[in-house]
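Working notes, structure below.
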There are 2 protein chains.
Amino acid sequence: MHRLDESLLMSLPPFSLLDRPQVRAILDRATSRRYDIGATVFQEGHDAEQFFLLLDGTIRVVKITADGEQITSLHIPPGQLFGFAKAIGRTTYPATAMVASESVILSWATPLWDTFITEYPGFAQASAKTVGSRLTELNSRIIDMSTQHVEQRVARALSRLVSQSGQRTADGIEIGFPITRQDVSEMTGTTLHTVSRLLSSWEKNGLIKSKRKKITICDPHRLTLLGEG
Amino acid sequence: MHRLDESLLMSLPPFSLLDRPQVRAILDRATSRRYDIGATVFQEGHDAEQFFLLLDGTIRVVKITADGEQITSLHIPPGQLFGFAKAIGRTTYPATAMVASESVILSWATPLWDTFITEYPGFAQASAKTVGSRLTELNSRIIDMSTQHVEQRVARALSRLVSQSGQRTADGIEIGFPITRQDVSEMTGTTLHTVSRLLSSWEKNGLIKSKRKKITICDPHRLTLLGEG
DNA sequence: CAAAGAGTTTGCTCTAGCGCAAAGTTTTGA
DNA sequence: TCAAAACTTTGCGCTAGAGCAAACTCTTTG
């Protein structure tokens, strides 16, 4: 394995408050690995032996409901820590992490978490921020679900995805990883049928374009308006 | 103000990993205050100047939606820390905390958070647990909202409330603070009408008893079954 | 003790969106 | 190259539950 280049990584959220030697020290203890699409990084309930940093790609974090249905609880964009059970006082992973698009992931053994937290206050602060933003995100999803209609929820979900991992293309901004109607329905608490109908009608209005597993937002502004009901 | 008795408080979650002198030190820096029902402890968006520990009573944490509607994001039972913006990397409160039943609350100036965290690893660990359980709770509410019908959601909400702050009475277990149909509807993303209808029908079946602002679960087991659909 | 206020119940109507079914399309892989 | 598998679209009927309206009951207060 080649040595990781700290200068490229220093600007990532978890490291932004650290100086170069600190980042160097942390990276020197990391393992880097590439994962294919569909791979499982860790599974709900398993012992949290490692924590992770997504360098490139997308991770989908899913929970399985009592009756076997699967729902997507969040998407991790590159540059974020995930699977840090230690930070939330757990010893097992609370959800399953799957690779949504080919990813490069750094990992560390869980015991290092405490080391980093105590040795690098900047790291502690940054990871608190991450946890905080998850909390905020979940909260606003609950609000959405309790007050918004599905059209608005789907619009918002797409907006979020685009802002996390959108990529400019000729037609507009495209969601940076393969995503099915089913996926979107799992994120918004609806059915793939309804999502399909919505996307079709939006496509007719020129709001989006979509292929199989691909969604491109042509008019992000109008989409946002839709989401605000 | 009289001196707080550390021996009574040592068993509370935030202190359970600390020894007596440590708890003593923390308590010596706390301010204790009683709040009447309906009072506001802090408001969303305001500078987080303090963090809190609920000794007795109940706190309702609410968020206001874009269109002015208010939704209850969680209830704090006695013994829990709340308003710890620092722990989630924020400088302002992310929600509003209102007093749901007459409460006694300890508070500390926010800068002390860092002091406690670094000086008392047990405190850091315990607060991570609290954050973690909030995360878990929100997550499972999202799952509920996306997969369960309102009858099941309401059943679960009542179960949660009862397990957090239930009090034995002659008829069964009663929710330990005044709560309206409207409140329940805000917790479950439905309307007070639907909640009222549900409670009425449950009352006919002998599952619950309810007065104005009071709900008593006569048959907790059957309620749980209902919640599992 | 009246009168206002706060909370609850119930009836009725209407529709968003689910569930089911079936056919179309794209991709995979043998 | 031809199935089979995976994904998507569309149609149709149906119901959970929202929205609205109105009456009822308990509580507070002047």
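Sequence lines set the chain letters: A, B, ... in the order given, protein chains first and strands last, and positions in each chain run from 1.
Position along DNA chain C of the nearest nucleotide to B/Ser210 versus A/Val150 favours B/Ser210 as the more 5'-ward residue. Mapped onto DNA chain D by nearest heavy atom, A/His149 and A/Lys204 fall at different nucleotides, with A/Lys204 at the one closer to the 5' end.
Rounded to a whole Å, the CD1 atom of B/Ile37 is 14 Å from the P atom of D/dT27. Between A/Ile215 atom CD1 and D/dT8 atom C1' there is a gap of 12 Å when expressed in whole angstrom units. Atoms CZ (A/Arg197) and P (D/dC7) sit 19 Å apart, rounded to a whole Å. The CE-P distance, from B/Met145 to C/dG17, rounds to 14 Å in whole Å. The distance between atom NZ of A/Lys214 and atom P of C/dT26, rounded to the nearest whole Å, is 17 Å. Rounded to an integer number of Å, the gap from B/Leu199 CG to C/dT10 P is 11 Å. Rounded to an integer number of Å, the gap from CD of A/Gln148 to P of C/dG17 is 11 Å. Between the CH2 atom of A/Trp202 and the C1' atom of D/dT8 there is a distance of 16 Å, given to the nearest Å.
The nearest pair of heavy atoms linking B/Ala85 to B/Ala48 is CB-CB, 3.5 Å. Shown here for B/Ile208 and B/Cys218, the closest heavy-atom pair between the two residues is C-SG, 3.7 Å.
Look at B/Ser196 and you won't find any side-chain N or O under 4.0 angstrom from OP1 or OP2 of C/dT8. Listed pair B/Ser200 / C/dT8 fails the phosphate criterion, with no side-chain N or O lying under 4.0 Å from OP1 or OP2. Here A/Lys213 reaches the OP1 or OP2 of D/dC7: one of its side-chain N or O atoms lies under 4.0 Å away. Note on A/Arg181: a side-chain N or O is less than 4.0 Å away from OP1 or OP2 of D/dT8. Within the 4.0 Å cut-off from OP1 or OP2 of D/dA16, not a single side-chain nitrogen or oxygen of B/Thr194 is found. Within the structure, every side-chain polar atom (N or O) of A/Thr191 is placed at least 4.0 Å from both OP1 and OP2 of C/dG19.
The base of C/dG24 lies outside donor-acceptor range of the side chain of A/Arg212, with no N or O pair under 3.5 Å. Between the side chain of A/His193 and the base of D/dT8, no donor-acceptor pair under 3.5 Å is found.
Remark: aromatic rings of B/Phe52 and B/Phe42 are close, center separation under 6.0 Å.
Which of D/dT8, C/dC18, D/dG11 sits closest to the side chain of A/Leu192 comes down to D/dT8.
More than 12 heavy atoms of other residues, nucleotides or ligands shown are found within 6.0 angstrom of NZ on B/Lys214.
In this structure, B/Arg33 is positioned above the aromatic face of B/Tyr35, its NZ or CZ under 6.0 Å from the six-membered ring centre and within 45° of the axis.
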